[in-house]
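One structure is given below, encoded as structure tokens.
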Amino acid sequence: MMGTSVLNHSHHLLPSKDIQQSLDLSLKQKEQECLCLLKKCKSLEEFKQVHVQILKLGLFWDSFCSSSLLSTCALSDWSSMDYACSIFQQLDEPTTFHFNTMIKGYVNNMNFESALNLYADMFQREVEPDNFTYPVVLKACARLAAIEEGMQIHGHVFKLGLEDDLFVQNSLINMYGKCGDIELSCAVFRRMEEKSVASWSAVISAHARVGLWRECLMLFEDMSREGCWRAEESILVSVVSACTHLGALHLGRCAHGALLRNITELNVAVRTSLVDMYVKCGSLQKGLCLFQNMTKRNQLSYSVIISGLGLHGHGRQALRIFSEMVEEGLEPDDVIYVGVLSACSHSGLVEEGLDIFNRMKNEYGIKPTMQHYGCVVDLMGRAGLLEEAFELVKSMPIKANDIIWRSILSACKIHDNLKLGEVAAENLFRSSSHNPSDYLVLSNMYARAQQWENVAKIRTKMFEDGFVQTPGYSLVEVKRKVYQFVSQDKSNCKSGKIYEMIHQMEWQLRFEGYMADTSQVMLDVDEEEKRERLKGHSQKLAIAFALIHTSQGSAIRITRNLRMCTDCHTYTKLISMIYEREITVRDRNRFHRFKDGNCSCRDYW
DNA sequence: GTAGGGTTAG
């Protein structure tokens, strides 16, 4: 009774405008309360309760309230896109913000197709995207590697005049980079007037992605020079990765230092990439040391150390670490088995390798890939189990590639099995990638068997088939810079000095009884020309350059894209003795450590 | 009044 009379009383006193205001005020308060509740939601269930309350109060039709509702549902860590979608569909006129929220929600939940579909929907419903829409939509394109859509969206960006937005530009660089179109990625980057660290990060990782490692380092240098420098983990990891591929130990060390100075706690990924860098740059000890100091390790960490030990010819140790890994309860995957098997093949651990291969198939149920077969065929072939290797190739469920046939061929050469060698060569000649060394190996085998007619036949066939030789190069790091040399290189500004040095080296080598081995020069030219050609092999140029520009007694490290020819191998052994230098060469296959006239591969590679 | 970019390794 009391309540009614008070209400009547106040109704009588207050003008109606004020009532409306006080009602609005209480509604505002309720709205505030609901928004507070939304922020506190920890699960979809809690969220649904608040949703019901908002519907009851009729607040849903307020654009701000529905925005908050939607973004809570779509973007929190318990987000449910299904539920968000049902809310979204109830909106009469979804705004740009609503669309942005939904697209972002889909992207967060890795549903990139739906994100792009919704973006297309925006156009149909004539809702104009804004500068917040594009970073998200472009991310979806990047993850889907959908360059066609990406380019179309780039067009929309221009049409809406958003091409100068820093965030949109960074997303474009990233999108093109992830789609593998390095040129468009660079084009966006270059026309930017102001660049942020994220811009550099995006363009550097775009280059890392397609393996343009030297460009990666050059961009990193540009970035430091332009003063847009913040030691960021992601950028430094790209740099470390570039160093790994280029064999640039010194630069890699600098990046490691920068990481230690700027990042308090290095995560597993960073540590693993550092281990990989040290090992693949020839510093096995440092890599091992870092690996042993890792408190947390995963499959990838084990993978890099196992294959690294294999590359350096430490098969037994690789196997020890492999069993440590299994003991730790980490399940080996197919890539690790490639590392383990190749470690066995590099160290001639036949029984162990075959045992592991069988256990991999039978106990762990991993289906062997071409790479596994390649390792095992190599392992058997080197050990002289040629028939067995050949049987394995025949029984494989996949068609052998040329790597496998090449490994059979080289095993046949080592163990003098001309018959099988012919079969392997036959298969190689039939494949599309013509490699001159295949012709050479077979013709040498014929020569050994004194079948001169066949030698001539192979030589003719070689020129008829018109093989294409992959251009070889050698990389060497001098004073924190990586220099690249190609065969017969005259491009380096100091090349006059290099050829002078080559001349001097030759002169000293002759005292040691060096004779150029022209048997692997696959050119139809006379002996003198062949000797000239050998002198200009990229590895020799790189060694000469390093001898000139590094201090006496310091080690030289070279990285090559191809395997070494026998002449370069002999040559480097002698140079290591004459100049008293340790020379480490990482070729396509493994490491060679030259010291005092010997090589760690014991001339077997 | 609500929100955005680059995140790496075998």
Side-chain angles (χ1 to χ4, degrees), chain A residues 28 31-32 35 38-39 62-72 74-75 95-105 107-108 129-139 142-143 162 165-178 185 188-189 192 195-209 216 223 230 232-242 244-245 255 259 263 266-277 279-280 291 294 297-308 310-311 325 332-340 342 371:
Chain A
K28 267 267 175 297
E31 190 186 319
Q32 281 302 315
L35 292 182
L38 270 180
K39 274 188 196 147
D62 175 62
S63 155
F64 180 60
C65 203
S66 63
S67 297
S68 304
L69 203 65
L70 199 62
S71 63
T72 309
L75 304 177
T95 62
T96 303
F97 182 82
H98 290 131
F99 272 104
N100 288 353
T101 308
M102 285 300 287
I103 295 175
K104 174 121 207 272
V107 169
N108 286 355
D130 61 7
N131 52 335
F132 286 93
T133 317
Y134 286 104
V136 194
V137 172
L138 287 168
K139 187 172 182 179
R143 299 298 286 269
L162 296 171
D165 185 287
L166 182 63
F167 289 85
V168 175
Q169 287 169 324
N170 290 340
S171 311
L172 281 166
I173 298 171
N174 184 47
M175 182 274 292
Y176 284 126
K178 290 263 157 67
S185 184
V188 178
F189 180 76
M192 285 175 81
K195 298 167 177 112
S196 66
V197 181
S199 325
W200 288 100
S201 169
V203 81
I204 288 175
S205 67
H207 284 82
R209 184 169 198 84
C216 235
M223 171 179 140
R230 199 168 75 220
E232 282 226 1
E233 205 178 62
S234 62
I235 297 178
L236 287 171
V237 169
S238 290
V239 171
V240 169
S241 185
T244 308
H245 290 272
L259 278 165
I263 314 291
L266 301 184
N267 64 29
V268 197
V270 178
R271 284 169 190 265
T272 303
S273 62
L274 284 168
V275 171
D276 196 31
M277 185 272 292
V279 171
K280 291 229 176 83
F291 175 79
M294 282 171 80
R297 297 167 188 162
N298 59 19
Q299 272 103 331
L300 268 85
S301 331
Y302 277 101
S303 183
V304 298
I305 201 70
I306 289 170
S307 59
L311 281 176
M325 169 186 171
D333 65 6
D334 57 326
V335 185
I336 295 191
Y337 277 109
V338 174
V340 176
S342 87
Q371 279 171 298

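Numbered from 1 within each chain, the chains take letters A, B, ... in sequence-line order. Predicted model, so just to flag it, every value in this text is computed and none were measured.
Using a 4.0 Å heavy-atom criterion, one finds that A/S241 contacts the sugar-phosphate atoms exclusively. Residue A/T272 is in base contact, counting any heavy-atom pair closer than 4.0 Å across all strands shown. Counting non-hydrogen atoms under 4.0 angstrom, A/S67 reaches a base of the nucleic acid. Among the protein residues, A/K280 comes within range of the sugar-phosphate backbone only, with heavy atoms under 4.0 Å from sugar or phosphate atoms but none that close to a base. Heavy atoms of A/K178 sit under 4.0 angstrom from primed sugar atoms or phosphate atoms, though from no base atom. Among the heavy atoms of the strands lying under 4.0 Å from A/E233 is at least one base atom, whether or not backbone atoms are also near. Residue-level contact check: A/V136 touches neither bases nor backbone, having no heavy atom under 4.0 Å from any strand. No engagement by A/V338 is indicated, since no non-hydrogen atom pair under 4.0 Å with the nucleic acid exists.
Evaluation of A/F97 against the base of B/dT2 yields a stacking contact (centre distance < 5.5 Å, interplanar angle < 30°).
In this structure, the CG atom of A/L236 is 15 Å from the P atom of B/dT7, given to the nearest Å. Between the OH atom of A/Y176 and the P atom of B/dG6 there is a distance of 16 Å, rounded to whole Å. The CG atom of A/N267 sits 8 Å away from the C1' atom of B/dT8 (whole-angstrom rounding). The separation between A/L35 atom CG and B/dG1 atom P is 15 Å, rounded to whole Å. The distance from atom CD1 of A/I263 to atom C1' of B/dT8 is 12 Å, rounded to the nearest whole Å. The distance between atom CG of A/L75 and atom P of B/dA3, rounded to the nearest whole Å, is 10 Å. Taking atom CZ of residue A/F99 and atom P of nucleotide B/dA3, one finds them 20 Å apart after rounding to whole Å. Atoms CD1 (A/I103) and C1' (B/dG4) sit 13 Å apart, rounded to a whole Å.
For the residue pair A/S241/A/T244, the side-chain donor-acceptor check at 3.5 Å is not satisfied.
For the pair A/S301 and A/V275, the minimum side-chain heavy-atom distance is 4.5 Å or more. Two residues are said to be in side-chain contact when any heavy atoms from C-beta on lie closer than 4.5 Å; A/M223 and A/I235 meet this criterion. Side chains of A/K280 and A/V304 form no contact here, defined as non-hydrogen atoms less than 4.5 Å apart.
Listed candidates were B/dG6, B/dA9, B/dG4. Nearest to the side chain of A/S234 is B/dG6. Among B/dA9, B/dT2, B/dG10, the nucleotide with an atom closest to any side-chain atom of A/N298 is B/dA9. Distance from the side chain of A/F167 is smallest to B/dG4 among B/dG10, B/dG4, B/dG6. Side-chain proximity of A/I336 to the nucleotides B/dG10, B/dA9, B/dG6 is greatest for B/dG10. Of the candidate nucleotides B/dG4, B/dA9, B/dT8, B/dT8 has the atom nearest to the side chain of A/V270.
Considering every non-hydrogen atom in both A/M175 and A/A142, the closest pair reads CA-CB, 3.8 Å.
Listed by chain and number, the residues in a salt bridge (Lys or Arg N to Asp or Glu O under 4.0 Å) with A/E232 are A/R230 (sequence neighbours excluded). When the ring-ring contact (aromatic ring centres under 6.0 Å, His included) test is applied to A/F189, the partners found at least two apart in sequence or on another chain are A/W200.
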Checklist entry - Are A/K104 and A/N100 close enough, and set up right, to give a side chain to side chain donor-acceptor pair (under 3.5 Å), and what steps lead you there? => result CA-CA 6 Å; A/K104 174 121 207 272; A/N100 288 353; over 6 Å; no

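For B/dT2, neither phosphate oxygen OP1 nor OP2 lies less than 4.0 angstrom from any side-chain nitrogen or oxygen of A/K104.
Contact check of residues 201-209 of chain A against DNA chain B (heavy atom, cut-off under 4.0 Å) returns A/S201.
Taking only distance into account, the side chain of A/N100 never meets the base of B/dG4 through a donor-acceptor pair shorter than 3.5 Å.
Within a 6.0 Å sphere centred on CD of A/Q371, other residues, nucleotides and ligands contribute 12 heavy atoms or fewer.
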